[in-house]
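Step one of this worksheet: look at the structure below.
Only a predicted model underlies this, so the values are computations on that prediction, with no experimental measurement involved.
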Amino acid sequence: MPRRILHDKYFLLAKEHGYLARSAYKLKQINHAKSIISPGDTVLDLGCAPGAWIQVALELVAPEGGAGGGNGGGDGGRVVGVDLQEVRRSFGPNATTIVGDIYDLDPAVILEPVGHPFDVVLSDMAPSTSGHGDAERSAHLCHRVLQLLPHLARPGANLAMKVLEGSEYKQLLDHTKTLFANCRAYKPKASRDSSSEMYIVAHRYRPPKS
Ligand SMILES: C[S@@+](CC[C@H](N)C(=O)[O-])C[C@H]1O[C@@H](n2cnc3c(N)ncnc32)[C@H](O)[C@@H]1O
């Protein structure tokens with residue numbers, strides 16, 4: 001079996017440009033291909049540690065923050081990150097991070113920094129890998145994201161969420177399609193060929209009528 005190249009092109013690019021992880025390039029490529037984040041947007045980043053997606057999202061919502069610096073500073077745009085782990089880096093006034101488990105957190109706590117439902121919801125959450133049932137736990141995290149959307153996303157919001165392809169993948173994709181005007185699976189080039197990860201990218205949230 002070929003050995004995984006740890007210090008690949010995206011690792012080196014991330015180091016050179018000051019991003020906290022190579023995953024920064026996955027979000028850049030998703031946004032380049034699918035236009036999910038615009039200047040001025042409020043973005044929720046679920047599973048945000050160590051913070052590379054926060055850096056990229058800040059550049060997109062508040063562009064004058066500068067590449068990799070993630071200082072924000074533009075008008076309106078804000079990013080709120082949530083993770084089980086504490087994010088050690090501070091990203092300036094336009095970003096807030098919350099430590100917590102998305103199965104337990106009160107949505108009101110997540111909304112508090114922006115005061116209204118988000119324009120964009122991102123999830124790069126991944127279960128701690130055990131080699132057994134990882135894809136199912138990944139799909140479960142995604143279903144939790146969909147369950148939280150009525151509380152956290154405005155009608156018309158966009159979504160990008162990671163899922164490990166497995167037996168529940170198709171049902172998850174089909175379910176997500178019912179909630180958005182447009183929904184597709186997308187694998188950015190920065191996602192390793194050897195990984196079963198896929199991103200479900202959806203535009204224009206249509207909350208279910210209760
Ligand atoms: C691949 S990392 C995210 C990398 C991040 N997008 C970045 O670019 O820096 C996945 C993260 O999901 C988080 N996570 C997994 N399950 C979670 C849960 N139930 N609630 C909140 N975060 C969770 C993990 O703690 C981990 O930090």
Side-chain angles (χ1 to χ4, degrees), residues 23 26-27 30-31 34 36-37 41-49 51 53-54 57 61 78-87 95-130 132-187 191 196-210:
S23 54
K26 298 180 195 174
L27 181 56
I30 291 168
N31 197 59
K34 301 286 182 186
I36 51 167
I37 303 175
D41 277 352
T42 53
V43 176
L44 173 61
D45 179 13
L46 298 170
C48 66
W53 278 29
I54 294 180
V61 301
R78 284 194 60 85
V79 181
V80 175
V82 175
D83 204 288
L84 295 170
Q85 301 174 43
E86 187 185 351
V87 174
T96 306
T97 56
I98 297 167
V99 179
D101 186 328
I102 58 129
Y103 289 109
D104 301 330
L105 269 175
D106 181 345
V109 171
I110 301 174
L111 285 173
E112 200 273 330
V114 291
H116 57 79
F118 291 88
D119 300 310
V120 182
V121 175
L122 306 174
S123 170
D124 197 26
M125 285 189 294
S128 46
T129 45
S130 66
H132 185 72
D134 296 336
E136 287 67 30
R137 283 184 293 129
S138 163
H140 202 260
L141 283 166
C142 292
H143 281 296
R144 178 62 178 156
V145 174
L146 298 182
Q147 195 180 50
L148 287 169
L149 287 183
H151 308 282
L152 297 177
R154 69 161 172 84
N158 296 332
L159 168 78
M161 65 178 176
K162 173 162 77 186
V163 60
L164 303 182
E165 278 189 87
S167 59
E168 295 183 26
Y169 169 69
K170 188 174 178 311
Q171 193 266 334
L172 173 71
L173 184 60
D174 288 345
H175 180 37
T176 312
K177 282 180 179 172
T178 66
L179 299 173
F180 287 83
N182 180 279
C183 173
R184 292 265 188 288
Y186 180 72
K187 187 161 175 90
S191 176
S196 65
E197 75 181 6
M198 188 58 87
Y199 288 84
I200 294 178
V201 183
H203 295 88
R204 298 190 300 286
Y205 176 51
R206 300 187 293 205
K209 292 184 181 70
S210 50

| field | Passing candidate, side-chain contact (heavy atoms from CB on, under 4.5 Å) with Val43, options Asp119, Val79, Val121 | value | Val79
| Under the side chain to side chain contact (heavy atoms under 4.5 Å, CB included) criterion, do Leu141 and Leu46 qualify, and how do the steps go? | CA-CA 10 Å; Leu141 283 166; Leu46 298 170; over 6 Å; no
| Got a sec: does the CZ of Arg144 have more than 12 other heavy atoms crowding it under 6.0 Å? | yes
| said: Could you walk me through whether Ser130 and Arg137 satisfy the side-chain hydrogen bond (donor to acceptor under 3.5 Å, both in side chains) test, starting with their C-alpha distance in whole Å, then the side-chain angles of each, then the deciding distance to 0.1 Å, before giving a yes or no? | reply: CA-CA 10 Å; Ser130 66; Arg137 283 184 293 129; 3.1 Å; yes
| Shortest non-hydrogen contact from Asp45 to Trp53? | OD2-CB, 3.4 Å
| Which distance, rounded to the nearest 0.5 Å, do you find between the OH of Tyr186 and the CE of Met198? | 11.0 Å
| task | Only counting residues at least two apart or in another chain, list the ones meeting side-chain hydrogen bond (donor to acceptor under 3.5 Å, both in side chains) with Ser167. | result | Glu136
| said: Tell me whether His143 at atom NE2 has more than 12 heavy atoms from other residues, nucleotides or ligands lying less than 6.0 Å away. | reply: yes
| request: For residues Ile54 and Gly81, report the shortest heavy-atom separation together with the two atoms involved. | output: CD1-CA, 4.3 Å
| query | Quick one: are Leu146 and Leu159 in side-chain contact, heavy atoms under 4.5 Å? | reply | yes
| Shortest non-hydrogen contact from Ile36 to Asp41? | O-OD2, 4.0 Å
| query | Within a radius of less than 6.0 Å around NE2 of His116, do more than 12 heavy atoms belonging to other residues, nucleotides or ligands occur? | reply | yes
| said: Rounded at 0.5 Å granularity, tell me how far SG in Cys142 sits from CE in Met125. | reply: 7.0 Å
| task | Could you check if a side-chain atom of Cys183 sits within less than 4.5 angstrom of a side-chain atom of Leu173, using non-hydrogen atoms only? | result | yes
| CG-CG distance between Asp106 and Leu111, expressed to the nearest 0.5 angstrom | 9.0 Å
| note | Taken in chain and number order and not counting sequence neighbours, the residues that satisfy side-chain contact (heavy atoms from CB on, under 4.5 Å) with Ala126 are Lys162
| field | Qualifying residue, where the test is side-chain contact (heavy atoms from CB on, under 4.5 Å) with Met161 and the options are Leu122, Thr176, Val201 | value | Thr176
| request: Evaluate the side chain to side chain contact (heavy atoms under 4.5 Å, CB included) criterion for residues Ile37 and Val61: first the C-alpha distance (whole Å), next the side-chain angles of each, then the deciding distance (0.1 Å), finally the verdict. | output: CA-CA 7 Å; Ile37 303 175; Val61 301; 3.6 Å; yes
| query | So how far is it from Lys177 NZ to Leu172 CG, rounded to the nearest 0.5 Å? | reply | 11.0 Å
